[in-house]
A.B. asks: 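I'd like to ask some things about the structure below.
Note: hydrogens, waters and symmetry copies are ignored here, and every other heavy atom, side chains too, is used. Just so we're on the same page: letters track the sequence lines, and every chain starts at 1.
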Amino acid sequence: MSDVKRQPTAVDAGLLLARVRAQRPRVHCLMNTVVQKFTADGITVVGGIPSMTSSRDEIADFVAKADALTINLGTLDAERRAVIRIAVDVANASGKPWIMDPVHCDYSPGRLEFARELISLDPTIVRGNRAEMSVIGDTRASLRIQTGPVDELSDGERRVSIRNGHPWMAQVTGTGCLSGGVIAAFMAVEPDALTAAACALSVTGSAAEIAATHAQGPGTFEPAFLDALASMDANELNQRARIEA
Amino acid sequence: MSDVKRQPTAVDAGLLLARVRAQRPRVHCLMNTVVQKFTADGITVVGGIPSMTSSRDEIADFVAKADALTINLGTLDAERRAVIRIAVDVANASGKPWIMDPVHCDYSPGRLEFARELISLDPTIVRGNRAEMSVIGDTRASLRIQTGPVDELSDGERRVSIRNGHPWMAQVTGTGCLSGGVIAAFMAVEPDALTAAACALSVTGSAAEIAATHAQGPGTFEPAFLDALASMDANELNQRARIEA
Amino acid sequence: MSDVKRQPTAVDAGLLLARVRAQRPRVHCLMNTVVQKFTADGITVVGGIPSMTSSRDEIADFVAKADALTINLGTLDAERRAVIRIAVDVANASGKPWIMDPVHCDYSPGRLEFARELISLDPTIVRGNRAEMSVIGDTRASLRIQTGPVDELSDGERRVSIRNGHPWMAQVTGTGCLSGGVIAAFMAVEPDALTAAACALSVTGSAAEIAATHAQGPGTFEPAFLDALASMDANELNQRARIEA
């Protein structure tokens, strides 16, 4: 797994999940208020320890204690921008991995401008939907993830598709942010970002497939999804994970 | 349906719901942080596309892209007031419908004063409980909705009562805000506000009745309610909707 | 129950819960945004009326109307500190009980400093986990609660252990804040803080045990927990409550 050119597999997904559960990485999350609890729940049940503060006075302390950082551009204002810059500085100075999701950067010129500023600070991963990734342009050395029914990952050398998931994920607010938190937890225990992200997305996608069999709609899907994440293991992933070159 | 004096019916509810699902209106929501996810989930499962930013830098862009706006006076401070004023200006300048819920205006003189300022800017709908609507006074040309076990709607010419719902709605934080978001989605596809609101409330109220049959208490009621909203259709509404003149 | 030296019992838990349901105390909550809805839901289903505003303009009005206050040090910034100070002033001036939870005061010197400032203002209860309570030091006349698999309460004269609960509580973000809100609701109807808190924790802990029998994991545990809180009664508490001297 230290060979960064290797293609990840379902076996990797099981091993990384076990590593997260054993090591309990701390994941700091900067995101809009809308989906903080659901994201925190998701990080917790895969084995991580989430923290959420967005206070300018506290952010440096919390990121210093974290093992990875996830940033989501929800509800951007001057204060939020300042806090994100501090968080990124601390993460970069201490070599912690971070993932950036330029949410709705296609809606707002100000948001797009800030997203590009963050890209210039070299996030480990940049992840968005098709519309966001097309306006964001060049992402330099970062791993790119384009989300969709199939998630497409590319690091300039390898391309990977994740074919796990369920349409109800799009009906529940926050599954994207939650997945970003889980990717961060996996990055904290695996230096190859493409492997970490591919495994994390096969875990959340497989959990969605299982959850759909225990739910009657997008409402009951949500608690079932957290149950499935909590009980996910290597056996389940060997059967379900669809990580394809 | 273009005859604004006509009384809405259960058939209208089914037609408007289908219209929302087909047109996918964007609903921007300014509300307190407490219930943002639940409201976003509700708008999504009826077919709308929710957005939630309350940043002063972004609000004009987001309201410009929205088809309707819902404003809830939760956690009011100077910044929130400024953002709401910008949102209302953009909505009024571009003829987009907006609904205002003067939450707890009976608790706080400052909140009541601001609620009255917003009423002077002519919301399409003003909606509150009995205590709030009695202190708010005259609402000019806006449609009035007084919520309760029976919701009462009046636009100066027609009066409509909606007799759908379930007591567990009052046990779940946010069902009111969620209903406001659904009303906004219906306003985006139907110019007659009373028809839009009556249909929206018969949809959320009917979903509550169905959900109660699949739940064991207010906790399990919440995911069941979202399931029922997601699967609501014209047949169900023909049987359940109680829209009465 | 007016003899403050008496040890609380399961019978007290049933009586206090009935009192909360009858009196409907208003509980104002200052906490991070992450868990506001879940906390509000918990307060509502035990019979209280939650409010959540953290606006500097409104806080005095809302605390004046409240019967008890719960403060959780999530996401602390200068504005939040100012609002908390106002809330505490109003509570102390009008003799309302308040509980303080110094969340993560072991992560951040600034947070610890503020926690100690609040302790000097004499909260009715200070409650934290082992790490937080050990760094916080002396809590003067406040009732101390150290949370854990067994909750330990001490007021300088009596010691009580609460042996109710379930491991899934630690997997769901917000069960701690929700418990703080329920303790506040019980404080509003019972002047002996140790009795109020012991009863409240036996209620939430018993609800967790019941919920676990109706859930398949931490995700479905959450709605089941709210169901169990909603339907909790004296009979259930007589069987389950484990309040031990």
A.B. asks: Are C:N32 and A:K37 packed together at the side-chain level, in the sense that at least one heavy-atom pair is separated by less than 4.5 angstrom?
C.D. replies: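 They are not in contact (no side-chain heavy atoms under 4.5 Å apart), so the answer is no.
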A.B. asks: Measuring heavy-atom distances to chain A, does C:A170 have an atom under 4.5 Å in its side chain, in its backbone, in both, or in neither?
C.D. replies: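 Contact with chain A: backbone only.
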A.B. asks: Counting only heavy atoms closer than 4.5 Å, note whether A:S231 contacts chain C via side chain, backbone, both or neither.
C.D. replies: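 Contact with chain C is absent: no heavy atom of A:S231 under 4.5 Å.
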A.B. asks: Indicate yes or no: at least one non-hydrogen side-chain atom of A:V45 is less than 4.5 angstrom from one of C:P218.
C.D. replies: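 Answer yes - side chains close enough.
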A.B. asks: Which of the residues A:D41, A:T33, A:T39 is involved in the greatest number of heavy-atom pairs with chain C at under 4.5 angstrom?
C.D. replies: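 The candidate making the most pairs under 4.5 Å is A:D41.
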A.B. asks: Checking A:F225 against chain C: side chain, backbone, both or neither under 4.5 Å from a heavy atom?
C.D. replies: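 Answer is neither: A:F225 stays 4.5 Å or more from chain C.
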A.B. asks: Ion pair present between A:D61 and C:R111, side-chain N to carboxylate O less than 4.0 angstrom?
C.D. replies: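 C:R111 and A:D61: not salt-bridged.
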A.B. asks: Where the side chain of A:D57 meets the backbone of C:D77, is there a donor-acceptor pair that is under 3.5 Å apart?
C.D. replies: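 Between the backbone of C:D77 and the side chain of A:D57 there is no qualifying donor-acceptor contact (under 3.5 Å).
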A.B. asks: Looking at A:E58, A:R26, A:K65, which hits side chain to side chain donor-acceptor pair (under 3.5 Å) with C:Y107?
C.D. replies: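 Testing each of A:E58, A:R26, A:K65 against C:Y107, the sole residue satisfying side chain to side chain donor-acceptor pair (under 3.5 Å) is A:R26.
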A.B. asks: Roughly how far, to the nearest 0.5 Å, is OG1 of A:T53 from CG of C:L76?
C.D. replies: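 Atom-to-atom, C:L76:CG and A:T53:OG1 are 7.5 Å apart.
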A.B. asks: What part of C:E222 is in contact with chain A, defined as an atom under 4.5 angstrom from a non-hydrogen atom: side chain, backbone, both or neither?
C.D. replies: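 Interface part for C:E222: side chain.
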A.B. asks: Give, for atom OG of A:S51 and atom NE2 of C:H104, the distance between the pair rounded to the nearest 0.5 Å.
C.D. replies: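 So the gap between those two atoms works out to 6.0 Å.
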A.B. asks: Quick one: CD on C:E79 to OG on A:S55, what's the gap to the nearest 0.5 Å?
C.D. replies: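 One gets 11.5 Å once the value is rounded to the nearest 0.5 Å.
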A.B. asks: How close do C:T173 and A:A40 get, heavy atom to heavy atom, and via which atoms?
C.D. replies: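 It is OG1-CB, 3.4 Å.
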